[in-house]
Amino acid sequence: MKDNLIIGGRELKSRFFLGTGKFESKETMRQAIVQSGTEVVTVALRRIDLEQTEENILSFVPKEIILMVNTSGARNAKEAVRIACIAREAGYGNWVKIEVINDSRYLLPDNYETIKATEILSAEGFVVLPYMHPDLYAAKDLVKAGAAAIMPLGSLIGSNQGLKMRTLIEVLIEEIEEVPIIVDAGIGRPSHASEAMEIGADAVLVNTAVAAAENPVLMAIAFARGVEAGRMAYLAKAGHERTTASASSPLTGFLYDE
């Protein structure tokens, strides 16, 4: 059964997206990318050595991988737009993850500024994937602004708490049909990723949980397989939960029936 994901006109086989921060070495990062089979990686522009004065992280990203620059560090729409334009001018393509954060304690995204940046960059021809707090009205505005996908947070960035926002994400999955829903942030275990896919998310983006694992490469593979399993379960349509028992064998033919 063909079940590919299409974003910005690109057809993807893998629904596991990987961030490139916090890896102990760039070679470990490269192995995690290759071994997991991911086709999309994110990298903050401020981590790219535009002057080529030292070992460039992009030298460790396979050429066939889609590079999605993120606007980490942007505090408003204006700064996010500037970062995206610098990245494109430098030759890093037109995929951009909009990340606008003003809060340094919880690192929550500013939906209002994110919508403004999405509208501007979409009009400029970027493939825009905005990171957002899972609010239905904001998600609808992002679709109208031209977002190629919506990226709601599962829980706080780097917290490994899993799908604390599950109910709100389920609302987006049910109501936003125009673009894919990619769960981003807070996913700490492959089972969290699988859960996100089981409820109908189109993809999952993970960084910290992979990079901070004792064996990041093995963890990246585990996440990729968790995403695949969750997608398969979603397509298979699991049965409904019950409040009473339901025997898997007929309740007849007992040895001592009288």
Side-chain angles (χ1 to χ4, degrees), residues 4-8 10-48 56-72 87 92-93 95-99 107 127-131 148-163 180-197 201-231:
N4 290 351
L5 172 65
I6 298 177
I7 299 177
R10 295 287 297 270
E11 190 171 4
L12 304 170
K13 295 178 181 177
S14 174
R15 294 171 180 269
F16 172 56
F17 296 6
L18 182 61
T20 56
K22 299 183 178 179
F23 281 90
E24 61 181 8
S25 75
K26 295 183 177 65
E27 177 56 25
T28 300
M29 178 201 75
R30 189 187 72 81
Q31 285 294 327
I33 293 171
V34 172
Q35 297 296 325
S36 68
T38 184
E39 296 172 280
V40 180
V41 302
T42 65
V43 60
L45 179 65
R46 55 186 176 180
R47 295 184 62 235
I48 299 174
N56 193 320
I57 186 173
L58 298 183
S59 301
F60 294 82
V61 177
K63 296 189 183 303
E64 67 273 16
I65 296 296
I66 296 173
L67 186 68
M68 180 166 62
V69 170
N70 73 60
T71 64
S72 172
Y92 299 116
W95 280 50
V96 60
K97 173 188 167 185
I98 299 297
E99 194 173 309
L107 301 178
V127 176
V128 183
L129 291 85
Y131 169 60
I150 303 294
M151 303 182 76
L153 62 91
S155 53
L156 299 179
I157 288 178
S159 68
N160 294 335
Q161 293 179 354
L163 293 185
I181 303 295
I182 303 169
V183 177
D184 181 12
I187 303 297
R189 300 177 184 278
S191 57
H192 296 158
S194 192
E195 179 186 357
M197 299 303 294
D202 294 285
V204 169
L205 171 60
V206 180
N207 189 166
T208 300
V210 170
E214 281 193 23
N215 187 331
V217 177
L218 187 59
M219 186 60 82
I221 296 170
F223 265 104
R225 292 180 182 177
V227 168
E228 288 178 8
R231 181 63 181 178

Is there a donor-acceptor contact under 3.5 Å from the side chain of [X] to the main chain of [Y]?
| X | Y | value |
| --- | --- | --- |
| D202 | I181 | yes |
| E99 | Y131 | no |
| S155 | G162 | yes |
| T42 | V69 | no |
| T38 | F16 | yes |

Can you tell me if E64 has over 12 outside heavy atoms packed within less than 6.0 Å of its CD? yes

Could you tell me which non-hydrogen atom of S14 sits nearest to which non-hydrogen atom of G37, and how far apart they are? CB-O, 3.4 Å

What one should report as the nearest heavy-atom pair of A209 and G188 is CB-O, 3.4 Å

If you define the side chain from C-beta out and look only at heavy atoms, does anything of [X] sit under 4.5 Å from [Y]?
| X | Y | answer |
| --- | --- | --- |
| V61 | V43 | no |
| R10 | V40 | no |
| I187 | N207 | no |
| V41 | M29 | no |
| V227 | V206 | no |
| I66 | L12 | yes |

Decide side-chain contact (heavy atoms from CB on, under 4.5 Å) for V183 and M197; before the verdict, give the C-alpha distance in whole Å, the side-chain angles of both, and the deciding distance to 0.1 Å. CA-CA 9 Å; V183 177; M197 299 303 294; over 6 Å; no

